[in-house]
Amino acid sequence: MFEHLFAGFTAAFTLGNLAALFAGSLVGIVVGILPGLGPMVGMVVLLPFSFSFAPEIALSLLLGVFCGGYFGGGIPAVLMRMPGVPSSLITSFDGYPLTQQGQAQTALSATLLGSLGGGVISVAVLVFLAPILAHVAASFGPPEYLAAGTFGVVLVIMAFRNRLFEGLLLLGLGFWFSTVGIDGATLSQRFTFGTLVIQNGLDIVPICLGLFGVGQTLLLVERKILQTQEMHLSRSTLDFSKLIPLFRYWKTLIRSGLIGTLIGLLPGTGSILASFMSYDAAKRFSPEKHLFGKGTPEGCIASEAGNNAVPAGAMIPLLTLGIPGDAISAVLLGVFTINGIYPGPLLLVKEPVLINTLYWSMLLINIVCFGMLALWLRPFSLIVKVPGKLLAVSIMAVSIVGIYAVNTRMFDACVAVVMGVLGYILLRMEWPIVNLVMGVVLGDIMENRLRQTLSLGDGGLGILFERPITLFILIGTLLVIVVPLIMDYRKARRLAESSPP
Amino acid sequence: MPDIKRLSSRTHDLLGAALGLFALVMLISSPWQVDTTGPDPFYKGPLIFPLSVLSMMILASLPFWRRLLMPPPGARWHLDGQGVPWRTLKVLGLLTFFLAGLVGVGLEIATPGFLLAALWVVEERSKVRLVMIPVCVTLVLWIFFKWLLDVWFPMPLLFVPFSG
């Protein structure tokens with residue numbers, strides 16, 4: 001084990017890997033700071049560039065964007081109450097009041113410490129938990145994978161249960177997209193409409209690039225990025241003297257990091273929930289409850305540790321089961337498979353050096369992001385003033401050319417534009433776009449496992465109830481459906497009782 | 001918790017119903033769209049999963065159909081109540097021309113052309129930006145994709161007659 005850890009350490013410190021994680025972190029921080037973009041847009045724009053690199057370098061580049069995005073998102077939230085990424089909204093609850101009180105450096109120190117702590121804790125949990133989960137998953141057969149996939153799908157649906165029918169429609173559409181082209185098992189043509197170009201199917205990359213790279217930027221064309229000209233920053237670097245006293249919140253840091261990792265582990269839940277639950281827990285356990293919402297560094301630490309723990313948490317089901325927990329992990333899955341690497345329980349056995357490189361890279365990315373932001377705080381903060389419309393049209397051009405470059409197919413670029421239009425409409429209507437992406441990603445996994453399970457069960461699904469692991473997962477799935485519904489019902493009843501007749 | 005803005009938008013209902021209709025058409029035409037000539041039993045074949053997901057889509061679209069046919073009081077046609085996105089539609093039109101331009105006139109002409117027009121549409125009037133952004137972005141794309149990554153781009157259709 002230690003030899004792999006050392007080999008991974010050596011690989012992580014190669015010049016190429018260091019350059020990739022620096023570049024990725026830089027792009028991630030920039031897109032994180034700019035409200036309306038976020039790590040997903042950064043990742044899909046860099047995706048075509050990453051395909052020419054070795055897998056560990058490509059993953060470092062994209063993971064840099066993933067983690068850097070969450071680091072960057074907290075900066076405008078603290079300075080201007082304008083979250084760069086949605087989950088940083090919670091950081092602004094306490095960060096902005098601190099800024100207004102002239103304590104921007106304290107708030108930023110807390111934000112960066114929380115981000116770093118959450119990231120490091122989640123990587124530690126990933127290193128500890130991944131082999132255990134992989135060991136359990138090694139005994140998985142098709143029924144267990146089908147049950148796990150169903151659990152993930154149900155979690156995604158329940159996460160957006162206030163838009164249940166929209167979510168189901170988009171999930172179904174995503175599943176259907178995954179069936180277009182040649183069926184891998186029988187080599188039958190499906191929904192190709194007699195054309196040759198659709199036989200290769202609809203790739204996840206143009207779909208994601210279209211939905212996020214084009215759709216999100218179309219939205220930016222009509223919405224201004226900068227809402228305010230306020231910027232309260234006393235010096236151009238982080239004031240490190242403000243950092244030391246914040247270590248007294250170490251319990252909050254660890255708790256929030258663990259909560260964020262666990263939430264990241266669950267498919268479809270997302271970083272907003274991680275941020276909110278960490279903040280809520282910090283508030284419950286804090287002796288300074290009354291300061292929450294009025295400006296306490298503890299709130300910033302909790303929120304940022306929670307959302308920064310999500311990337312490593314999301315890697316756990318991806319690496320051990322091959323099931324991505326969110327759209328960003330789905331893009332990472334694409335990087336693995338394009339390089340001929342198939343995540344799953346055997347990945348840790350087959351590619352130990354790659355996995356250990358990934359662990360070290362994630363750790364380094366967190367340190368690099370912290371260092372970059374601490375040293376270049378003012379230049380990064382000024383990025384928020386770049387006009388969004390200029391970025392939007394430039395990103396569109398880069399996305400379209402990039403998507404063509406992946407397979408040198410103009411068809412992919414056309415798919416990206418169509419998906420961009422769909423993404424734009426869905427974003428404006430606030431439909432759960434993540435369901436569509438999850439459908440495309442999980443469709444292939446679910447279909448193969450369903451057909452294999454039906455084959456094992458002679459055409460029936462009764463086999464799912466005969467195996468202890470599947471039974472356990474199915475009970476979990478049932479709880480995921482029932483518990484939120486009961487909670488919603490109780491909440492509605494309480495509201496009805498408290499409102500005047 | 002029902003979302004009032006969403007429930008009052010007939011455009012939401014139209015999109016939901018259209019997706020349901022699309023699923024219905026695919027479901028009905030699936031015996032012709034999916035090659036089922038293989039020897040596999042139905043549960044191992046290529047049709048079971050598409051049929052399941054299309055059925056799920058049709059069922060999920062029923063509330064949208066109901067609201068589309070019997071609109072609730074106050075329902076009207078809007079995307080999100082923030083007006084018609086004319087500027088976005090213009091940029092989208094330019095994006096379509098950009099795709100055609102990549103095939104017709106090539107990366108080096110289509111990219112700056114698209115960026116210049118799109119920047120004008122988004123009301124960028126600084127002459128320096130109108131020149132610098134298209135030039136810089138085209139240069140970056142050319143350096144990365146053509147020079148560094150050696151990505152193959154087809155010969156622009158406009159230049160084919162002159163290529164000998």
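Below, chain A is the first sequence line, B the second, and so on; all start at residue 1. Only this structure's heavy atoms are used, side chains among them; waters, hydrogens and symmetry mates stay out.
For A/Leu169, the parts lying near chain B are the backbone and the side chain together; criterion is any non-hydrogen pair under 4.5 Å. Interface residue A/Leu171: backbone and side-chain heavy atoms are both found under 4.5 Å from chain B. In this structure, chain A has no heavy atom under 4.5 Å from any part of B/Thr36. Proximity to chain A is limited to the side chain of B/Leu107, based on heavy atoms less than 4.5 angstrom apart. B/Val137 touches chain A through its side chain: at least one heavy atom from C-beta onward sits under 4.5 Å away, while N, CA, C and O do not. With a 4.5 Å cut-off on non-hydrogen atoms, B/Pro134 does not touch chain A at all. Proximity to chain B (any heavy atom under 4.5 Å) is restricted, for A/Tyr424, to the side chain, taken from C-beta onward. Interface residue B/Met56: only side-chain heavy atoms are found under 4.5 Å from chain A. The part of B/Pro63 that comes within reach of chain A is its side chain, from C-beta onward, which places non-hydrogen atoms under 4.5 angstrom from that chain. Both the backbone and the side chain of B/Phe153 come within contact range of chain A, with heavy atoms under 4.5 Å apart.
With respect to chain A, the highest number of heavy-atom pairs below 4.5 Å among B/Leu95, B/Thr111, B/Leu119 belongs to B/Leu95. When the candidates A/Asp183, A/Leu390, A/Asp458 are compared by the number of heavy-atom contacts under 4.5 Å with chain B, A/Leu390 comes out ahead. For chain A, the option among B/Val34, B/Thr11, B/Ile58, B/Val151 with the highest count of heavy-atom pairs below 4.5 Å is B/Val34. When the candidates A/Ser52, A/Ala185, A/Ala405, A/Cys414 are compared by the number of heavy-atom contacts under 4.5 Å with chain B, A/Ala405 comes out ahead. Per-residue counts of heavy-atom pairs under 4.5 Å with chain B were compared for A/Gly443, A/Gly174, A/Gly420, A/Gly194; the largest is that of A/Gly443.
A cation-pi arrangement is present between B/Arg67 and B/Phe64 under the rule of less than 6.0 angstrom and at most 45 degrees off the ring axis.
In the model, A/Gln452 has no side-chain atom that pairs as donor or acceptor with a side-chain atom of A/Ser455 under 3.5 Å.
For A/Lys389 and B/Glu123, the salt-bridge test fails: no basic side-chain N is under 4.0 Å from an acidic carboxylate O. With respect to the salt-bridge test (charged N to carboxylate O, under 4.0 angstrom), the residues A/Lys491 and A/Asp488 do not qualify.
Between A/Thr179 and A/Arg190 the shortest heavy-atom distance is O-NE, 3.2 Å. The nearest pair of heavy atoms linking A/Pro48 to A/Gly402 is CB-O, 3.1 Å.
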